[in-house]
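Worksheet: the structure to be examined is printed underneath.
Residue numbers start from 1 in every chain, and the chains themselves are labelled A, B, ... in the order their sequence lines are given, proteins ahead of strands.
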2 protein chains.
Amino acid sequence: MNIGDVAALSGLPAKTIRYYEDIGLVKPLRSANGYRTFRESDAHKLAFLGRSRALGFSIEDCRNLLALYEDEERASAEVKEIAEQHLERIDEKIAELKEMRATLAHLVDACAGDHRPDCPILADLATKQHDEEQLKRTA
Amino acid sequence: MNIGDVAALSGLPAKTIRYYEDIGLVKPLRSANGYRTFRESDAHKLAFLGRSRALGFSIEDCRNLLALYEDEERASAEVKEIAEQHLERIDEKIAELKEMRATLAHLVDACAGDHRPDCPILADLATKQHDEEQLKRTA
DNA sequence: CTAGGGCTTCCCCTTGCTGGAAGGTCAAGC
DNA sequence: GCTTGACCTTCCAGCAAGGGGAAGCCCTAG
């Protein structure tokens, strides 16, 4: 299989696949003309990578997951550990975004959004703190 | 004020402030020895930037917000527009993360996490689709 | 035999900084 | 007067995770 085929199969752009080879995630063979030649197992790995990335795992996580995947002797606890840590990061990220969202929604709500220059959004960004006093006042 | 002072005031690292000058967000003066000299207004802008960034606005958004902030003739609608678009992006991001979270939580839950190699997480990453059939089966 | 599509490498661009090296400046202490 | 240490300066490199595009092979069809 050439890179185009495996790209179509895995859903990953060819650029990405070359990049993954660069950083050592896959090691396709080369045919006489210099083209990369992908085996079934390479295609399989790439699909695995695509799905791991889609779940938000970092490249380094993917590298570790892939190694565990290939290791028949692995303990599922190792995999679970990685997944749980990732889950935690996701939760943190969600919490952070929700906090932004809340503040921002509040400000958007308070802004008339008309031709006049008065704007609570700018006023808030310009003034000192998002402290407890302000939280109380705006609550 | 030197960069250290304004860094302490704004809570931004000196590196970041230099970067903001690089990309034209602030334009401090220079004193005879070559040191940057920040006016009150610069400090104020940097604080504004810090708060905008904390709300997740991109640098380009910040640039626009800052311009609107400085423009006494602005229409609050313009500000609101930017904020609303950002709010939308945040909502999308949250939705995306929640979906990842759901899938991942499901897998983590199904994994024994012991010394044995059998692992539903790897099995899922390795196999074909997250399609409707699978959603039904795992629901 | 030429056109096209696919493949190769290479290097720069992105976002928003962060770290570090090499060196100038300034105030304090001896 | 000299040193020490904390500041400050510039520039260069790099992170994640690729994307864009140039210059140049390769291969096949008409």
- Please report, rounded to the nearest Å, how far the C1' atom of C:dC17 is from the CG atom of B:Leu25. 13 Å
- Task: Keeping the roles fixed (side chain from B:His86, backbone from B:Asp61), state whether a donor-acceptor pair exists under 3.5 Å.
- Result: no
- Task: Give, ordered by number, those residues of residues 3-14 of chain B having at least one heavy-atom distance below 4.0 Å to an atom of DNA chain D; if nothing qualifies, reply none.
- Result: B:Ile3, B:Gly4
- Message: Quiz question: going by heavy-atom distance under 3.5 Å, is there a donor-acceptor pair between the base of D:dG21 and the side chain of A:Lys15?
- Response: yes
- Task: Output yes when at least one side-chain N/O atom of A:Arg18 is less than 4.0 Å from OP1 or OP2 of C:dT8, else no.
- Result: yes
- Query: Quick one: is D:dG19 close enough that its OP1 or OP2 comes under 4.0 Å of any side-chain N or O from A:Thr16?
  - Reply: yes
- Note on the structure: Rounding to 0.5 Å, atoms OG1 (A:Thr103) and CG (A:Asp124) come to a distance of 8.0 Å
- Message: Checking the side chain of A:Arg74 only, and the main-chain atoms of A:Tyr69 only, is there a donor and an acceptor separated by less than 3.5 Å?
- Response: yes
- Message: Distance check needed: D:dC25 P versus A:Arg30 CZ, whole Å only.
- Response: 17 Å
May I have the list of side-chain donor-acceptor pairs in residues 4-16 of chain B shorter than 3.5 Å, sequence neighbours left out?
| unit_1 | atom_1 | unit_2 | atom_2 | d |
| --- | --- | --- | --- | --- |
| B:Asp5 | OD2 | B:Asn2 | N | 3.0 |
| B:Ser10 | OG | B:Val6 | O | 2.8 |
| B:Ser10 | OG | B:Leu12 | N | 3.1 |

- Spacing of B:Tyr19 atom OH relative to D:dG14 atom P, expressed in whole Å: 18 Å
- Task: Look at the side-chain N and O atoms of A:Arg36 and state whether any lies under 4.0 Å from the OP1 or OP2 oxygen of C:dC7.
- Result: no
- Atom CD of B:Glu21 and atom C1' of D:dT10: how far apart are they, to the nearest Å? 12 Å
- Query: What distance separates A:Phe48 CZ from A:Arg53 CZ, expressed to the nearest 0.5 Å?
  - Reply: 13.0 Å
- Note on the structure: When rounded to whole Å, the CD1 to C1' distance for the pair B:Ile23 and C:dT15 reads 10 Å
Side chains of residues 20-29 of chain B: which donor-acceptor pairs under 3.5 Å do they make with residues two or more places apart or in other chains?
| unit_1 | atom_1 | unit_2 | atom_2 | d |
| --- | --- | --- | --- | --- |
| B:Glu21 | OE1 | B:Arg30 | NH2 | 3.3 |
| B:Glu21 | OE1 | B:Arg36 | NE | 2.4 |
| B:Glu21 | OE1 | B:Arg36 | NH2 | 3.2 |
| B:Glu21 | OE2 | B:Arg30 | NH2 | 3.4 |
| B:Lys27 | NZ | B:Gly24 | O | 3.4 |

- In whole angstroms, the gap separating P of C:dC26 from CG of B:Asn2 amounts to 10 Å
- Query: Starting at CZ of A:Phe57 and ending at P of D:dA16, how long is that distance when rounded to a whole Å?
  - Reply: 18 Å
- Task: May I ask you to say whether A:Glu60 pairs ionically with A:Arg63, meaning some side-chain N is under 4.0 Å from a carboxylate O?
- Result: yes
- Does B:Tyr35 get its side chain close enough to the base of C:dG24, under 3.5 Å, for a donor-acceptor pair? yes
- So what does B:Tyr20 touch, heavy atoms closer than 4.0 Å: a base, only the sugar-phosphate, or nothing? sugar-phosphate
- Taking for each residue the nucleotide of DNA chain C with the nearest heavy atom, is it B:Asn33 or B:Glu60 whose nucleotide lies nearer the 5' end? B:Glu60
- Query: To the nearest Å, how far apart are A:Met1 CE and C:dG6 P?
  - Reply: 17 Å
